[in-house]
Every structure is written in structure tokens, then in C-alpha cells.
Novice: 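Here it is, the structure in full.
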Amino acid sequence: MPGLTAPSDYAEEPPRHPDLRINSKEPFNAEPHRSALVSSYITPVDFFYKRNHGPIPKIDDISRYSVSINGLVNKHIQLSMADIRLLPKYNVTATLQCAGNKRTAMSKVRKVRGVGWDVSALGNATWGGAKLSDVLELVGIPKLSSVTALGGKHVEFVSVDRCKEEKGGPYKASIPLKQATDPDADVLLAYEMNGEIINRDHGYPLRVVVPGVIGARSVKWLDSISVIKEECQGFFMQKDYKMFPPTVDWDNIDWSTRRPQMDFPVQSAICTLEDVDVIKEGKARIAGYAVSGGGRGIERVDISVDGGKTWVEAHRYQKSSVPYISDGPQSDKWAWVLFEATLDVPANAEIVAKAVDSAANIQPEKVEDIWNLRGILNTSWHRIKIQNSRSKM
């Protein structure tokens, strides 16, 4: 763990914005208020959700920091930050989302295990760094490779981070080699976030960013990269972040029957209103975000003010000066899409949002149908109940 300070320095927490909603202090997990989340297309670093599985490492000597590239490759190398910065730099705007986003709503159906996230366990940032495909070429792996000469089929990222689920060992995760070596997959070793040096909360000095995939695979505080034959056998790949049906509970679970979750499904949430809110009857602005994994765009966002009986299509946008077109070349394919609609809201309304992605995937209506014991991937319709909206605006 080059450049890592003594364990006692783990306790030195970085400064954070006082308006964050803290979901757990140890390890630190926090999200912004939903209204702040959609105040801008690019999420300010202070309001980007903080997701941790252990104490936050502090790497204090950047001159001693390096990342090893090893495994089923013809040569093993060590890369310093200076080496990585010599590679071509790319800026990729991508939304990262915790698989447990909207877990709180799922827990109201039946108890689940995990951090109680509201709808803001995601954020959209512009990440700057080297493409992983360029890094792997340094050890002799050509772009668009699916297997190395020595039989490597997966790329494992190992963190400086230590966590109890790994029995004090490092956090780790992997992606297929085919994805890692594809320049169009835009997998980055990122050292910048929104044009500034990435901070400790988000992985200083170097993290992986895997666009379109649940945040658990975008390993922070990178220590090493290994090319391996089988997917990572770490806890968070094999015994967590897997999607089970509602019939599975902690008494009958068999982790080996499900693959690790990678792409996140189509998702949306209303951010200008609370789940139970009081507004005056009449015109109301309804705005939020929609996003889908795998680079799929958002084809449509539908809003209902009568619980889903009738629908109105919302306006979708990313950058204010550029019309958003799902899967259009001018659109950020890895990023969320913001939406808004101004509608007449009747008294005691139920407002609902649902999104459709460019592959015609649509959000499921009921959270009960996708309940799972870990409370992940709650992509059900987002529902807002309006109370006491009697007086005219």
C-alpha cells in the first residue's frame, strides 16, 4: 500500500458539507437532499453521494504511490501517478449510482439489510483520467481483447481500502477483460473529478470509473490491477450485490445461483417533492432524474398526477444548450437525464414518475415485485403523495 499513512490516520475524516444526510457515520455514508441533487446537470463534488465500506484511507506521499499491473500478462509493471498522467487524458461524464439507491422505499415492504438510502445515492460528474484500455496495452494486451495469451478473462481492481466484510482485507471487484479493453466502454483510471484533483471521499489519488455499471465496481483508492481467469472472488462480487427474487430470504439464500450485478436498470425519481408532501392545489413543477445502465439513453419520462391512470411526457435535458436525443452523438451516453413538467396537481394527488430507456426497458410498477433481501435495484415507479392541497395558488 504505497504512501499509506499509519492506521491511526484513518480516523482523520475529510471535511464535508453540513447539508448532507448522513446514513451511517462508521463507515461514513451520506447523500444530498433530493432537491439539491437536481439543481445542476453536473453534481458538485460536495453533493456527490459518499459510499464507503470501511475507514477512508489517507495516502499522504504521492511520490511513493504506485499501482501494480499483474496477473495473467506477459510482464508485470508498476505505474506511478506521473506515469499515468503521461497517458492520453480523457474526460468522461458519467453517473455513478449505488445499487442500494431507493432502498428505504423497499424496506417499507419488508425488512432488508443495508444502508438506508433515499433517492440520492447517485451523482453525475465529469471524470478525468487515463483509459484502462491504454493502461492494459502497456502490459501487452491489445484493445478489444476478450482473453489474454495466458488465459486471463477478467480484470480485478484491488483497493487500499480495508473492510470487515473481507475480514480486514482489501475491497476488490472485477469486470470482464472485453469491457476493460474496449475504448468505447470508457473505463477510466480517474484522477480528476469535475476538473479538480479527486478528493479523499471519492478515491484520491486514483480510482476506477466503470460507466453504466453499479457503483460497487468503480473501486476507489486503487492499489493494484490483476488480470485473472475467473471473475473476482471477493465478498462484494460473490456474496453481495446480486439480484434475488422475493422468495429468497436469509434462510434459503444460495449466493452461487446468481451472477454479480453489473449494469444498472432504468431508474428515475422526482426530486422537487418529498415522498409525502404538502403543496397548494394548482400548477406545480415536477422535476427529477432518469438514468439507465450500459450506455442506454432515456427515451421517455412519463409523469402522472392521478396515480398512473393518465400520463404526460416530461421534457428531458442534459446540457442546456444542446437538445437531448436518446443515444444521439451529442448526448452523454453514460450520464443521467434531467426531466421536468409543470402540471395541474389536484387535491390529494398521487404523482408518479417512470422512465423508458432506448432499449424500451421500462421501470416496474410495484416495488413488491422486485423486493429482494439486500434491497438493491429498487427501480419501481417513484410515487409522491400530496396531502391537504386545498387552497388555490
Side-chain angles (χ1 to χ4, degrees), residues 67-77 79 84 87-97 99 127 129-159 171-190 206-220 222-234 236-238 240-243 256 258-266 291-297 327 329 332-335 357-359 361 377:
V67 175
S68 64
I69 318 291
N70 54 57
L72 299 175
V73 293
N74 291 323
K75 60 177 178 178
H76 295 183
I77 62 173
L79 294 178
I84 293 168
L87 293 169
K89 180 190 173 187
Y90 294 87
N91 288 309
V92 176
T93 300
T95 298
L96 292 187
Q97 178 176 206
W127 310 94
K131 284 198 177 182
L132 181 59
S133 57
D134 289 342
V135 172
L136 293 176
E137 278 194 321
L138 299 178
V139 293
I141 304 176
K143 289 182 169 64
L144 302 177
S145 297
S146 56
V147 60
T148 68
L150 298 176
K153 295 182 180 179
H154 298 265
V155 178
E156 180 180 69
F157 311 113
V158 181
S159 177
Y171 185 98
K172 50 190 174 181
S174 69
I175 62 173
L177 181 69
K178 184 177 180 180
Q179 182 179 15
T181 59
D182 182 356
D184 290 337
D186 290 327
V187 181
L188 292 185
L189 301 189
L206 193 68
R207 72 169 298 165
V208 184
V209 173
V210 188
V213 169
I214 64 169
R217 314 307 175 211
S218 290
V219 173
K220 296 189 282 187
L222 189 62
D223 185 49
S224 66
I225 299 171
S226 298
V227 179
I228 55 179
K229 185 175 182 180
E230 305 292 340
E231 67 191 13
C232 171
Q233 295 301 299
F236 296 101
M237 289 287 290
Q238 300 304 324
D240 202 356
Y241 298 122
K242 293 183 177 183
M243 187 66 168
S256 67
R258 293 293 182 274
R259 59 179 289 278
Q261 186 64 39
M262 301 301 283
D263 286 9
F264 50 79
V266 62
V291 64
S292 191
R296 295 177 293 275
D327 290 358
D332 292 328
K333 68 177 181 177
W334 305 115
D357 72 14
S358 56
N361 298 309
L377 305 183

Novice: Would the distance check show the side chain of Thr148 and the main-chain N or O of Leu72 forming a donor-acceptor pair, the cut-off being under 3.5 Å?
Specialist: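 Yes.
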Novice: Give a yes or no answer on whether the side chain of Ser224 reaches the backbone of Ser68 with a donor-acceptor pair at less than 3.5 Å.
Specialist: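 Checking the backbone N and O of Ser68 against the side chain of Ser224, no donor-acceptor pair under 3.5 Å is found.
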Novice: Would you check if the side chain of Lys242 reaches a backbone N or O of Arg258 as a donor-acceptor pair within less than 3.5 Å?
Specialist: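 Checked: pair present.
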Novice: Would a 4.5 Å heavy-atom cut-off, applied to side chains only, mark Val135 and Ile84 as touching?
Specialist: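 Side chain of Val135 against side chain of Ile84, heavy atoms only: no contact under 4.5 Å found.
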Novice: Main chain of Val139, side chain of Glu137: is a donor-acceptor contact present, judged purely on distance under 3.5 Å?
Specialist: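 Side chain of Glu137 to backbone of Val139, a donor-acceptor pair under 3.5 Å: no, none is there.
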Novice: Run the side-chain contact (heavy atoms from CB on, under 4.5 Å) check on Val158 and Val219 step by step: do they pass?
Specialist: CA-CA 7 Å; Val158 181; Val219 173; over 6 Å; no
Novice: For Arg207, check salt bridge (Lys or Arg N to Asp or Glu O under 4.0 Å) against everything at least two apart and list the hits.
Specialist: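 Salt bridge (Lys or Arg N to Asp or Glu O under 4.0 Å) list for Arg207, sorted by chain: empty.
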Novice: For Glu231, does its backbone N or O pair with a side-chain atom of Gln233 as donor and acceptor, under 3.5 Å?
Specialist: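 Answer holds: yes.
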Novice: Determine whether Leu132 and Ile225 make a side-chain contact, defined as any pair of heavy atoms from C-beta on separated by less than 4.5 Å.
Specialist: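 In contact.
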Novice: For residues Met262 and Ile175, determine if any side-chain heavy atom of one lies less than 4.5 Å from a side-chain heavy atom of the other.
Specialist: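 When only atoms from C-beta onward are counted, Ile175 and Met262 do touch, with a gap below 4.5 Å.
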Novice: Which residue pairs pass the salt bridge (charged side-chain N to carboxylate O under 4.0 Å, His left out) test with at least one member in residues 144-153, sequence neighbours excluded?
Specialist: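 Residue pairs with at least one partner in residues 144-153: there are none.
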Novice: When you look at Leu79 and Leu138, which way does the side-chain contact (heavy atoms from CB on, under 4.5 Å) test go after all the steps?
Specialist: CA-CA 10 Å; Leu79 294 178; Leu138 299 178; 4.1 Å; yes
Novice: Using salt bridge (Lys or Arg N to Asp or Glu O under 4.0 Å) as the criterion, list what pairs up with Lys131, not counting sequence neighbours.
Specialist: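 Here the qualifying residues are Asp186.
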Novice: Suppose we screen for side-chain hydrogen bond (donor to acceptor under 3.5 Å, both in side chains). Which residues come up paired with Ser146, at least two apart in sequence or across chains?
Specialist: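 Applying side-chain hydrogen bond (donor to acceptor under 3.5 Å, both in side chains) to Ser146 gives none.
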Novice: Considering residues at least two apart in sequence or located in another chain, which fulfil the ring pair (Phe, Tyr, Trp, His ring centres under 6.0 Å) criterion with Phe264?
Specialist: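 By the ring pair (Phe, Tyr, Trp, His ring centres under 6.0 Å) rule, Phe264 matches no residue at all.
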Novice: Do Ser133 and Ile141 come within less than 4.5 Å of each other through their side chains, counting heavy atoms only?
Specialist: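 A side-chain contact under 4.5 Å is absent here.
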Novice: Indicate yes or no for a side-chain donor-acceptor contact from Arg217 to the backbone of Asp263 under 3.5 Å, with no hydrogens or angles considered.
Specialist: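 No, because the side chain of Arg217 does not come within donor-acceptor range (under 3.5 Å) of the backbone of Asp263.
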Novice: Are any non-hydrogen side-chain atoms of Asn361 and Pro265 less than 4.5 angstrom apart?
Specialist: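 Side-chain contact under 4.5 Å: no.
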Novice: Apply side chain to side chain contact (heavy atoms under 4.5 Å, CB included) to Ala216 and list each qualifying residue two or more places apart in sequence or on a separate chain.
Specialist: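 Here the qualifying residues are Tyr171, Ile214, Tyr241.
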Novice: How long is the span from the CD atom in Gln97 to the CG atom in Leu377, to the nearest 0.5 Å?
Specialist: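 The distance works out to 8.0 Å.
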Novice: Quick one: does Asp327's side chain have a donor or acceptor within less than 3.5 Å of a partner on Gly297's backbone?
Specialist: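 The answer is yes, because a donor-acceptor pair under 3.5 Å joins these two groups.
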Novice: Is there a side-chain contact (heavy atoms from CB on, under 4.5 Å) between Val92 and Val209? Walk through the geometry before answering.
Specialist: CA-CA 9 Å; Val92 176; Val209 173; over 6 Å; no
Novice: May I ask you to check whether over 12 heavy atoms, not counting those of Lys143, lie within 6.0 Å of atom NZ?
Specialist: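 More than 12 within 6.0 Å, yes.
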Novice: With a 3.5 Å distance limit and no angle check, can you tell me whether Asp182 reaches the backbone of Asp184 through a side-chain donor-acceptor pair?
Specialist: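 Yes: the side chain of Asp182 pairs with the backbone of Asp184.
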Novice: Of the non-hydrogen atoms in Val208 and Ser218, which two are nearest, and what is the gap between them?
Specialist: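 Scanning both residues completely, I find the closest heavy atoms to be O-CB, 3.2 Å.
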Novice: Counting C-beta onward and ignoring hydrogens, is there a side-chain heavy-atom pair between Leu136 and Leu177 closer than 4.5 Å?
Specialist: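 Answer yes - side chains close enough.
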Novice: Which heavy atom in Ala190 sits nearest to a heavy atom in Trp127, and how many Å separate them?
Specialist: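 In terms of heavy atoms, the two residues are closest at CB-CB, 4.3 Å.
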